[in-house]
Every structure is written in structure tokens, then in C-alpha cells.
Amino acid sequence: MKIFRLIIASIVILFLICTIISFFIPSDVRVSKAIQVNAAKDAVMRELDDPSKWKDWYPDAASSKYYYEHDTVKGLVLDEEKNQFIVMTGKNENEVSATYHQRGKKILTGWQIASASNTNSVTVQWYLEFHLRWYPWEKFTSFLFEKVYQPQLQKGLDNLKTLLEK
């Protein structure tokens with residue numbers, strides 16, 4: 001009986017320690033990649049702000065179906081079985097924003113464009129913003145986001161660069 005109480009007490013104390021440590025981990029995490037594209041800003045924006053063109057450069061989306069809202073293409077269905085899709089939510093002159101839906105969670109994503117005034121090239125930054133709850137397992141898994149998502153972001157930016165620099 002003493003061993004059982006010791007095991008339970010150890011588990012509770014370990015959980016409390018992990019929870020306290022997790023309070024020092026930020027709840028908002030941003031993962032991003034950027035690339036220099038030798039193309040006009042307008043050409044880049046045409047690719048980014050039209051979801052029907054995303055299949056041309058979005059990673060592994062060539063065979064994806066379009067996501068429609070009110071008979072208008074608003075994004076891509078990336079995996080029907082896993083209910084994964086990306087939907088454009090807004091745009092302005094330097095940014096296109098979207099929401100990536102994955103397993104019931106919404107992840108803010110988007111592309112920001114910065115251009116030098118006298119060159120015909122732009123920097124495109126693709127970002128993902130995660131808003132985590134207080135749960136320790138969510139906070140600790142945030143350390144893996146960079147390794148999981150950055151290769152996908154880099155692949156998409158490389159595809160976009162290749163497409164626009166033809």
C-alpha cells in the first residue's frame with residue numbers, strides 16, 4: 001500500500017512540476033520561412049491572392065480539390081479523410097491571410113510580401129501562428145513545430161519561386 005501511495009504521489013508531483021514549467025513557455029508561437037523571388041510584386045500577389053492558383057505551388061496539393069464558399073473558390077481541401085483544408089480569409093496590398101484547419105484546430109497562416117523600391121524582386125514570408133492552451137503537453141509539443149512545419153513551408157516557397165521565375 002505504501003508503494004502504491006508513493007507512485008501516485010510521484011505522478012501528481014511530476015505533473016505539477018511539468019505544469020509549472022509549461023507556464024514559462026509562450027502560448028503564442030510563430031513559425032515562418034522567407035525567400036527572395038525575382039518577380040514583380042503584382043505577379044507574386046496574383047499567385048497568392050487567388051486560391052485557384054494555389055495548386056500550382058502549394059506543397060503536395062496538385063491533386064487536391066478546391067474548397068468552395070458561396071460558389072467561389074476560397075481554398076484547398078488537402079485531405080478529406082483527416083478534414084484538413086486551407087481557406088483564404090483576407091488580403092491587403094502586402095499580405096494574404098488564411099486559416100489552416102487541421103483536426104478541428106484552426107491555425108492562422110499567411111504570406112507577407114516586402115519589396116525593395118528599385119528592384120524587381122520581393123521577399124515572401126510564409127508564416128503559421130499557433131495559439132496554445134495552458135495544457136503542458138501542448139506547450140511542450142510546441143518545441144517540435146519548427147522541425148515539423150518548416151520543411152513544408154520551404155517546399156512551398158521553393159515551388160512558388162520556381163513558378164514565378166520561369
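What you see below is based on every heavy atom in this structure, not just the backbone, and it leaves out hydrogens, waters and symmetry mates.
Under the 4.5 Å side-chain heavy-atom criterion for ILVMFWY residues, a single connected hydrophobic cluster contains both Met45 and Leu163. Ile21 and Phe143 fall within the same hydrophobic cluster, defined by Ile, Leu, Val, Met, Phe, Trp and Tyr side-chain heavy atoms under 4.5 Å apart, directly or through other members. Under the 4.5 Å side-chain heavy-atom criterion for Ile, Leu, Val, Met, Phe, Trp and Tyr, Trp54 and Tyr67 are members of distinct hydrophobic clusters. Using a 4.5 Å cut-off between side-chain heavy atoms of Ile, Leu, Val, Met, Phe, Trp and Tyr, with links allowed through other members, Leu132 and Ile25 fall into different hydrophobic clusters. Using a 4.5 Å cut-off between side-chain heavy atoms of Ile, Leu, Val, Met, Phe, Trp and Tyr, with links allowed through other members, Val77 and Val87 fall into the same hydrophobic cluster.
Within 6.0 Å of the CD atom in Glu146, the count of heavy atoms belonging to other residues, nucleotides or ligands does not exceed 12. The number of heavy-atom neighbours closer than 6.0 Å to CD of Glu69, taken from other residues, nucleotides and ligands shown, is above 12. Around NZ of Lys53, the count of heavy atoms belonging to other residues, nucleotides or ligands within 6.0 Å exceeds 12. Around the NZ atom of Lys41, the shell of radius 6.0 Å holds more than 12 heavy atoms that belong to other residues, nucleotides or ligands. No more than 12 heavy atoms of other residues, nucleotides or ligands lie within 6.0 Å of CZ in Phe4, so this atom counts as exposed by the packing criterion. Crowding of Ile3 atom CD1: a count of heavy atoms from other residues, nucleotides or ligands under 6.0 Å not exceeding 12.
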Could you walk me through whether Leu48 and Leu160 pass the side-chain contact (heavy atoms from CB on, under 4.5 Å) check? CA-CA 9 Å; Leu48 295 176; Leu160 182 64; 4.0 Å; yes
Could you walk me through whether His101 and Asn83 satisfy the side-chain contact (heavy atoms from CB on, under 4.5 Å) test, starting with their C-alpha distance in whole Å, then the side-chain angles of each, then the deciding distance to 0.1 Å, before giving a yes or no? CA-CA 7 Å; His101 298 257; Asn83 199 22; over 6 Å; no
As a quick check of understanding, evaluate side-chain contact (heavy atoms from CB on, under 4.5 Å) for Leu128 and Phe145, giving each step before the final call. CA-CA 10 Å; Leu128 293 166; Phe145 287 170; over 6 Å; no
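Below 30°, between 30° and 60°, or above 60°: for Trp111 and Trp57 the angle between ring planes is above 60°, a perpendicular geometry.
With rounding to the nearest 0.5 Å, the separation of CG in Asn159 from CG in Asp60 is 8.5 Å. Arg46 contributes atom CZ, which lies 9.0 Å from atom CG of Leu164 (distance to the nearest 0.5 angstrom). Atom CD in Gln84 sits 4.0 Å away from atom OH in Tyr100 (nearest 0.5 Å). Once rounded to the nearest 0.5 Å, the distance linking OG of Ser97 with CE of Met88 reads 8.0 Å. Expressed to the nearest 0.5 Å, how far CD of Gln152 lies from NZ of Lys33 amounts to 13.0 Å. Taking NE2 of His131 as the reference point, atom NZ of Lys105 lies at 12.5 Å (rounded to 0.5 Å).
Side-chain contact, Trp134 with Ser22: no donor N or O sits under 3.5 Å from an acceptor N or O.
The side-chain tip of Lys55 points at the ring of Tyr66 from less than 6.0 angstrom away and within 45° of straight on.
Taking both residues in full, the closest heavy atoms of Leu76 and Ala61 are given as CD1-CB, 3.8 Å, listed atom of the first, atom of the second, then distance. Between Pro51 and Gly75, the closest heavy-atom pair is CB-N, 3.6 Å. Contact detail for Pro136 and Cys18: the closest heavy-atom pair is CB-O, 4.2 Å. The two residues Gln154 and Ile35 have their closest heavy-atom pair at NE2-CD1, 4.1 Å. The two residues Val44 and Ala39 come nearest to each other via the heavy atoms CG2-CB, 4.2 Å. Across every non-hydrogen atom of Thr109 and Tyr127, the tightest pair is OG1-O, 2.7 Å.
Centroid-to-centroid, the aromatic rings of Trp126 and Tyr149 stay 6.0 Å apart or farther.
Between the side chain of Gln125 and the backbone N or O of Gln112 there is no donor-acceptor pair closer than 3.5 Å. Gln150 places a side-chain N or O within donor-acceptor distance of the main-chain N or O of Ser32, the cut-off being under 3.5 Å.
Using a 4.5 Å heavy-atom cutoff, the side chains of Asp28 and Glu129 are not in contact.
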